[in-house]
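Working notes, structure below.
In this text, all values refer to a predicted model and were calculated from it rather than measured experimentally. Along the sequence shown, residues carry numbers from 1. Both ligands and their constituent atoms are indexed starting at 1 by order of listing.
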Amino acid sequence: MELVASAVRRVAAELRVGALHRMLGATGKTNVQGERVQRLDRYANAAFLESLAEGGLVAQVVSEEMDVPAQLAAHGQWTLLFDPLDGSSNLDSGAAVGSIFAVRGPQAAALGPGRDQRIAGYALYGPATLLVLASPGEGARLFALDPSTGEFVVVHERLRMPATGPVVAANAAHAATWSAADRAFMGRALSAPASTLRYSGALVADFHRILLEGGVYMYPGDDAHAEGKLRLLYEAAPLALVAEEAGGAAKAGDQAVMAIVPTSVHQRVPLVVGSRDVVAGYPG
Ligand code: AHG
Ligand code: MN
Ligand code: MN
């Protein structure tokens, strides 16, 4: 976690000066998923790789920004999986972005379900740099980066996601091509008392609000993304562990996200994640 924390510090520092360094904007390249790569996507991926290469602990890394897993230390104990910069289309408008990561054992070639994750979490680069870490049976903890010391300080020892809540996050512009069950679920969520729609376009930012306030985030399959848009290994599964450790839940169709055995490193899943009682009502 010290190595991840060091990558997060570097990304946070670069984001603060990105506009000054003219680091914002697209690189003109697309990644393995066919998405536009922002300069800060590339910077963040390099920051994670360099930080994780220290100390010979990490055997392999799986990154959204790398076509295939990379081998690091020959005798490393861990596999690190990460989305170095999540929500990068927010960059040019100065809105929140994040990093998502998970720690597994050394055998990335034979990746198991999300239940194999030993630690998972995310950083949220907003007005403050926040870090959420969860591990199985040990709950989810919230830290904030103290810019005066560079240390992460504990803000909350044991986060609890409300069992239900008002926040609904989804790209509603795609609802016309969702399944009828997905549309009906969204309709029920929106008609719950006090419900409110909040969608930033950065999964980490939208999830973090739901973790604190309760509600549901969904990115189901649609015309443009038959299997949903979000990636199992470094988006859905890490947030599923955080959600479960805080008392929430995450589903892909009628399966628990944590139970899905990946078939490829960049596999996508239709994600529904959030408050326990809300997610229990999915798909119908
Ligand atoms: P990334 O920037 O890592 O590619 O992730 C973007 C993801 C996620 O953060 C967000 O929830 C979702 O894409 C937004 O997608 P739409 O623009 O289709 O709503
Ligand atoms: Mn992402
Ligand atoms: Mn990304």
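- Scanning all heavy atoms of the two residues, the minimum distance from Phe152 to Val8 falls at CZ-CG1, 3.7 Å.
- Nearest protein heavy-atom contact of atom 13 (O) of ligand 1 is Lys229 NZ, 3.0 Å.
- Not a single N/O/S atom of Glu65, whether from backbone or side chain, sits less than 2.8 Å from the Mn ion (ligand 3).
- Contact annotation: Leu85 has at least one heavy atom less than 4.0 Å from an atom of ligand 1.
- Of the N and O atoms on the side chains of Asp277 and Ser275, not one donor lies less than 3.5 Å from an acceptor on the other residue.
- The side-chain heavy atoms of Leu159 and Arg141, taken from C-beta on, include no pair separated by under 4.5 Å.
- Tyr199 OH, 2.5 Å is the protein heavy atom nearest to atom 19 (O) of ligand 1.
- Because the distance cut-off is set at 2.8 Å, Leu85 qualifies as a neighbour of the Mn ion (ligand 3) through one of its N, O or S atoms.
- Because the distance cut-off is set at 2.8 Å, Asp83 qualifies as a neighbour of the Mn ion (ligand 3) through one of its N, O or S atoms.
- For Leu230, no nitrogen or oxygen atom sits less than 3.5 Å from a nitrogen or oxygen atom of ligand 1, counting backbone and side chain alike.
- Between Phe48 and Phe82, the gap from one ring centroid to the other is short of 6.0 Å.
- Between atom CG of residue Leu3 and atom CG of residue Leu57 there is a gap of 5.5 Å, rounded to the nearest 0.5 Å.
- The minimum distance between the Mn ion (ligand 2) and any N, O or S atom of Asp86 involves atom OD1.
- Side chains of Arg198 and Ser200: no donor on one and acceptor on the other come within 3.5 Å.
- Distances between N or O atoms of Ser89 and those of ligand 1 include no value under 3.5 Å.
- When the heavy-atom distances from atom 3 (O) of ligand 1 to Leu271, Ile100, Asp83, Asn31 are ranked, the shortest goes to Asp83.
- Contacts between Gln33 and ligand 1 below 4.0 angstrom, taking non-hydrogen atoms only, are absent altogether.
- Residue-to-ligand polar distances place Tyr219 within reach of ligand 1: an N/O pair is separated by less than 3.5 Å.
- The protein non-hydrogen atom at the shortest distance from atom 4 (O) of ligand 1 is Glu64 OE2, 3.1 Å.
- For the residue pair Asp86 and Tyr234, no side-chain donor N or O sits within less than 3.5 Å of a side-chain acceptor on the partner.
- Rounding to the nearest 0.5 Å places CG of Leu142 at 8.0 Å from CG of Leu131.
- Protein heavy atom nearest atom 10 (C) of ligand 1, with residue, atom name and distance: Gly201 O, 3.4 Å.
- Looking only at N/O/S atoms, Glu64 comes nearest to the Mn ion (ligand 3) through OE1.
- Ranking protein heavy atoms by distance to atom 1 (P) of ligand 1, first place goes to Gly87 N, 3.6 Å.
- Taking CD from Gln117 and CG from Leu111, the interatomic distance works out to 10.0 Å, rounded to the nearest 0.5 Å.
- Close approach of ligand 1 to Ala202 is summarised as follows: ligand atoms under 4.0 Å from at least one heavy atom of the residue are 9 (O).
- Atom CG of Leu233 sits about 11.5 Å away from atom CG of Asp83, to the nearest 0.5 Å.
- Below 4.0 Å from some heavy atom of Asn171 lie the following atoms of ligand 1, by number and element: 16 (P), 18 (O), 19 (O).
- Residue-level proximity to ligand 1 for Leu203 is carried by backbone and side chain together, each with a heavy atom below 4.0 angstrom.
- Expressed to the nearest 0.5 Å, how far CG of Asn31 lies from CG of Asp41 amounts to 7.5 Å.
- Looking at Asp86 against ligand 1, both its backbone and its side chain come within 4.0 Å, counting heavy atoms.
- At a cut-off of 2.8 Å, Glu235 coordinates the Mn ion (ligand 2) through an N, O or S atom.
- Of the N or O atoms in His174, none lie within a sub-3.5 Å distance of an N or O in ligand 1.
- Given atom 11 (O) of ligand 1, the protein heavy atom at minimum distance is Tyr217 OH, 2.7 Å.
- Aromatic ring centroids of Phe143 and His156 lie 6.0 Å or more apart.
- Under the 4.5 Å side-chain criterion, counting only non-hydrogen atoms from C-beta, Arg276 is not in contact with Glu244.
- Using a cut-off of 4.0 Å between Lys/Arg side-chain N and Asp/Glu carboxylate O, Glu65 and Arg42 are scored as not salt-bridged.
- Ligand 1 lies within reach of Arg231, whose nearest heavy atom is under 4.0 Å from it.
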